[in-house]
Amino acid sequence: MIHVYNTLTHQKEIFKSIQPNLITMYVCGPTIYNYIHIGNARSAIAFDTIRRYFEFRGYEVNYVSNFTDVDDKIINRAHEEGVSEATITEKYAQAFENDTLPLNIKPATVRSKATEVIPDIISFVSELIAKGYAYEADGDVYFRARQFKGYGILAHQDLNELEAGASGRLDPEELAKKEDALDFAVWKSENRPGVISWDSPWGNGRPGWHIECSVMAQKYLGNTIDVHGGGIDLAFPHHTNEIAQSEARTGQTFVHYWLHNGFVNINDEKMSKSLGNFITLHDMLERYDDPMTIRYLLSTTQYRRPINYSEDTLTQARVELDRIRTAYRNLHFRMKDSKDGRNEAVESDINEYKKQFIAAMDDDFNTQNALAAIFELIALANTYSEAAIIQRDTAMLLLETMTALMQVFGIETLMPVEQLTVEQQSLLEQRVIARQNKDFSESDRIRDILKLQDIIVEDTAQGQRWHKA
RNA sequence: GGUGAUGUAGCCAAGUGGUAAGGCAGCGGUCUGCAAAACCGCCAUCGCGGGUUCGACUCUCGUCAUCACCUCCA
C-alpha cells in the first residue's frame with residue numbers, strides 16, 4: 001500500500017486513487033522564457049520518478065502538465081529582444097523538450113500551453129463571476145479570496161497575517177482595483193500595443209497566472225484529480241489559488257493529494273540570480289558528459305528534501321551510479337559461461353530485496369531506502385558474479401530485477417552499447433595469446449595501449465573482459 | 001512578526017522508546033603474475049541543556065543554528 005505525504009493535511013496518508021487502476025496527475029510546468037534551471041529539472045524528475053513508480057506498481061498514469069507561455073517575464077523578454085512572445089516561447093518550449101530528453105523524463109500524456117486553452121479560461125472566469133466568486137474591475141477580473149471558505153489552508157497561512165506580511169509589496173495600482181488585498185487576478189486587462197492579448201467579455205486581456213492550471217486540470221483530467229504536484233514554493237499562492245478557483249467553480253474537491261518537491265541549493269546556498277549561482281539544465285548538459293548521473297542525483301534524493309548540488313555531490317553520484325553499472329556489466333559478462341538452471345537461494349534473496357525496494361518506495365517514495373535495497377542487490381550480484389557456477393535463469397532474473405528497479409529512477413541504460421575498432425579487437429585477441437604464453441610484459445603493454453584509448457581490460461577467472469572508461 | 005522545515009560519522013543519507021540502514025571516502029585483509037573489479041573486516045551515540053521513563057537519538061520543555069515561504073520563484 002502506497003503512502004504519500006499530503007501537504008494539505010501535513011501527514012502521510014494511504015494513497016487511494018479515484019479509479020482503481022488509473023491515476024490522474026497534474027504537475028506545474030515551467031514558464032518558458034528561458035532555459036529551465038536545475039530546480040525545474042528537479043521538479044520534473046521528482047514527479048517523473050513518482051509517475052514511474054505508480055506505473056511500476058501497475059497503475060496507468062494520466063499525466064498532465066503545462067507550459068506557462070503568457071506572463072510578464074515573457075512579455076518583458078520579448079520586448080527586450082524585439083521579437084514576439086511566441087518567438088520566445090517556441091524557442092524555450094523546444095529547448096525544454098531537447099534538454100529533458102537526455103534526462104529520460106517521460107513526455108506528459110498531455111502538455112498544454114496556456115495560450116492553447118484561452119476559450120476554456122474565459123468560460124471558467126465567466127462561471128466564477130456568475131457564481132459571485134469573482135468580479136470585474138476596470139478590465140481586470142479578481143477572485144474574492146476571502147469568500148472561499150478555507151482559503152490559505154494548503155500553505156497554513158492565516159489570512160490576517162498574510163495581509164500584514166504582504167504590506168508594502170503590493171502594486172498600489174492593482175490594490176486600488178481590488179475589493180480586498182488578498183484577492184488575486186484571474187484575468188488581467190492588456191491594452192498595450194504589440195503585447196499579446198485576447199478579446200474577452202471584459203475587454204482585451206490575458207489570463208492571470210493561476211487560472212491556467214485549474215483550467216487544464218479540469219479540462220484534461222476532470223473536476224477532481226488524484227495528485228497535484230509542484231515545487232514547495234508554489235503551495236502559496238499558486239496552489240492555494242488553484243484550489244479556491246477550482247472548488248469555487250465546481251463545489252467539489254479539486255485534488256486529493258498535494259505533493260511538493262523541495263528545492264535545489266547550489267553549494268549550500270539558495271539558487272538565485274542575484275547570487276550568481278543560477279544553473280540552467282542546458283548549461284549542465286553541455287558541461288557534463290553523463291546526463292544519467294544528473295538524473296541519478298536528482299531522482300535518488302527523496303523528493304521533499306532539499307538537494308545540495310555541487311561538484312562533490314555530482315561526483316559522488318557518478319561513483320555510486322558507476323558501481324551499479326559495473327555490477328550489471330560484470331554479471332552480464334558472466335552470462336557467457338552460465339549453466340542452465342536456477343539458484344533458489346539467490347532468487348529468494350532477489351525477491352527479498354525487491355520487496356524492500358517496494359516497501360521503501362511505498363513510504364512516500366523514500367528513494368534513499370529504496371537505494372539501500374538496490375545496493376543489497378548489487379552486492380548480491382557481485383558475489384554471484386564471483387561464484388564458481390552461475391545459473392542462467394537466476395542471472396537473468398538478477399539482471400532483469402536490477403533493470404526494472406533502476407528504471408523507476410529513470411536510469412534505463414545500465415549497459416551502453418560499446419563498439420571496438422578492428423584494431424582494438426585485434427589487440428585484445430593478441431593479448432589473450434600473450435597471456436596464454438605467460439608473456440606478461442606483452443600483455444601489460446597491450447593493456448596500457450588500450451587504456452590510453454579508454455578501453456579498460458580486466459582479467460578474470462572466466463577470461464579477459466573489457467569496458468570503456 | 002507569522003508559518004513550515006532542518007540539525008545523525010570527513011561527505012551524502014536512513015531510522016527508531018531498548019543501546020544507530022545503505023552509499024562515498026579512509027584504513028586493514030582476501031583474491032590476482034601485476035592490476036582492475038569484487039569480497040571480508042574496521043570506522044558515529046544522533047546541535048546544546050533540562051524533564052518524563054527501568055531505558056531516549058527517538059516523547060516533552062527550553063535553547064542555539066541553518067533554511068524556506070508569507071501575491072505570480074520548481
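Lettering of chains follows the sequences in order, A, B, ..., and the numbering in each one begins at 1.
- Look at A:Asp183 and A:Lys178 and you find no salt bridge, because none of the NZ, NE, NH1 or NH2 atoms lies under 4.0 Å from a carboxylate O.
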Detail all sub-3.5 Å separations between protein N/O atoms and N/O atoms belonging to nucleotides 20-24 of chain B.
residue: B:rG23; atom: O2'; partner: A:Glu320; partner atom: OE2; Å: 3.4
residue: B:rG23; atom: N2; partner: A:Gln316; partner atom: NE2; Å: 2.4
residue: B:rC24; atom: OP1; partner: A:Arg323; partner atom: NE; Å: 3.3

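- In this structure, of B:rC39, B:rA74, B:rU71, it is B:rU71 that holds the atom nearest to the side chain of A:Pro237.
- Taking 4.0 Å as the cut-off between side-chain N and carboxylate O, A:Asp71 and A:Arg77 do not count as a salt-bridged pair.
- Counting to the nearest Å, the P atom of B:rG4 and the CD atom of A:Gln11 are 14 Å from each other.
- Side-chain N or O atoms of A:Thr301 include one that pairs as donor or acceptor with a backbone N or O of A:Leu297 at under 3.5 Å.
- By the 4.0 Å N-to-carboxylate-O rule, A:Arg445 lies close enough to A:Glu442 to be salt-bridged with it.
- Applying the Watson-Crick and G-U wobble criteria (two distances, each under 3.5 Å), B:rG33 pairs with nothing in any strand.
- Contact annotation: A:Asn366 side-chain N/O to B:rG15 OP1/OP2 distance is under 4.0 Å.
- In this structure a side-chain-to-backbone donor-acceptor pair under 3.5 Å is missing from A:Ser43 to A:Asn40.
- The base of B:rA74 is paired with the side chain of A:His37 by a donor and an acceptor separated by under 3.5 Å.
- The CD1 atom of A:Ile38 sits 16 Å away from the C1' atom of B:rC73 (whole-angstrom rounding).
- As rounded to whole Å, 14 Å separates atom C1' of B:rC73 from atom CZ of A:Phe236.
- Ring-plane geometry between A:His239 and A:Trp258 is classed as tilted, the angle between the planes lying from 30 to 60 degrees on a 0 to 90 degree scale.
- For residues 92-101 of chain A, proximity to RNA chain B is found at no residue, defined as any non-hydrogen atom under 4.0 angstrom from a strand atom.
- Comparing the C1' positions of B:rG15 and B:rG7 gives a spacing of 16 Å, expressed to the nearest Å.
- When each of A:Ala327 and A:Phe184 is assigned the nucleotide of RNA chain B with its nearest heavy atom, A:Ala327 is the one assigned upstream, toward the 5' end.
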**Prompt:** With the sugar-phosphate defined as primed atoms, P, OP1 and OP2, and the base as all remaining atoms, what B/S/- string results for nucleotides 32-37 of chain B, 5' to 3', for protein heavy atoms under 4.0 Å?
**Reply:** -BBBBS
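- Both A:Asp312 and A:Ala155 sit near RNA chain B, but only A:Ala155 has its closest nucleotide nearer the 5' end.
- Between B:rU8 and B:rC48, the two C1' atoms lie 15 Å apart (nearest whole Å).
- Ring orientation note: the planes of A:Trp209 and A:His238 are close to parallel, at an angle under 30° on the 30°/60° scale.
- Comparing B:rA56 with B:rU45, their C1' atoms sit 11 Å apart, to the nearest whole Å.
- Taking the six-membered ring for Trp and thresholds of 30 and 60 degrees, A:Tyr151 and A:Phe184 have nearly parallel ring planes, at less than 30 degrees apart.
- For the P atoms, the distance linking B:rA20 with B:rU3 amounts to 37 Å, nearest Å.
- Of all nucleotides present, only B:rC27 satisfies the Watson-Crick or G-U wobble test against B:rG41, with each distance under 3.5 Å.
- Between A:Phe357 and A:Phe409, the ring planes lie perpendicular to each other; the angle is over 60°, past the 30° to 60° tilted range.
- Pair assignment for B:rU3: B:rA68, on the basis of Watson-Crick or G-U wobble contacts that are both within less than 3.5 Å.
- Nucleotide B:rA56 forms a pair with no other nucleotide shown, judged by Watson-Crick or G-U wobble geometry with both contacts under 3.5 Å.
- Atom name P, nucleotides B:rG62 and B:rC69: the rounded distance is 26 Å, in whole Å.
- Under the 3.5 Å distance criterion, the side-chain polar atoms of A:Arg305 are left unmatched by any main-chain donor or acceptor of A:Gly262.
- When the P atom is compared between B:rC46 and B:rA9, the two are found 9 Å apart, to the nearest whole Å.
- The closest donor-acceptor contact from the side chain of A:Tyr309 to the backbone of A:Leu298 lies at 3.5 Å or more, if one exists at all.
- At a threshold of 4.0 angstrom between heavy atoms, the contacts of A:Gly262 include nucleobase atoms, whether or not backbone atoms are also involved.
- Counting to the nearest Å, the C1' atom of B:rA14 and the CG atom of A:Asp362 are 17 Å from each other.
- Comparing the same atom, P, in B:rC40 and in B:rA25 gives a spacing of 15 Å after rounding to whole Å.
- Residue contacts shown for A:Lys188 include a base, since a base heavy atom lies under 4.0 Å away.
- Comparing B:rU60 with B:rU52, their C1' atoms are spaced 7 Å from each other, to the whole Å.
- Here B:rA5 presents its P atom at 14 Å from CG of A:Asp364, a figure rounded to the nearest Å.
- When the side-chain nitrogen and oxygen atoms of A:Arg305 are compared with OP1 and OP2 of B:rA14, one or more of them lie within a distance under 4.0 Å.
- Electrostatic pairing of A:Asp363 and A:Lys12 counts as a salt bridge here, judged by a charged N lying under 4.0 Å from a carboxylate O.
- B:rG49 is paired with B:rC61 under the Watson-Crick or G-U wobble criterion, all donor-acceptor distances under 3.5 Å.
- At a threshold of 4.0 Å, the pair A:Lys468-A:Glu418 does not count as salt-bridged, since none of the basic side-chain nitrogens sits closer than that to a carboxylate oxygen.
- One N or O on the side chain of A:Arg431 and one on the backbone of A:Ser443 form a donor-acceptor pair closer than 3.5 Å.
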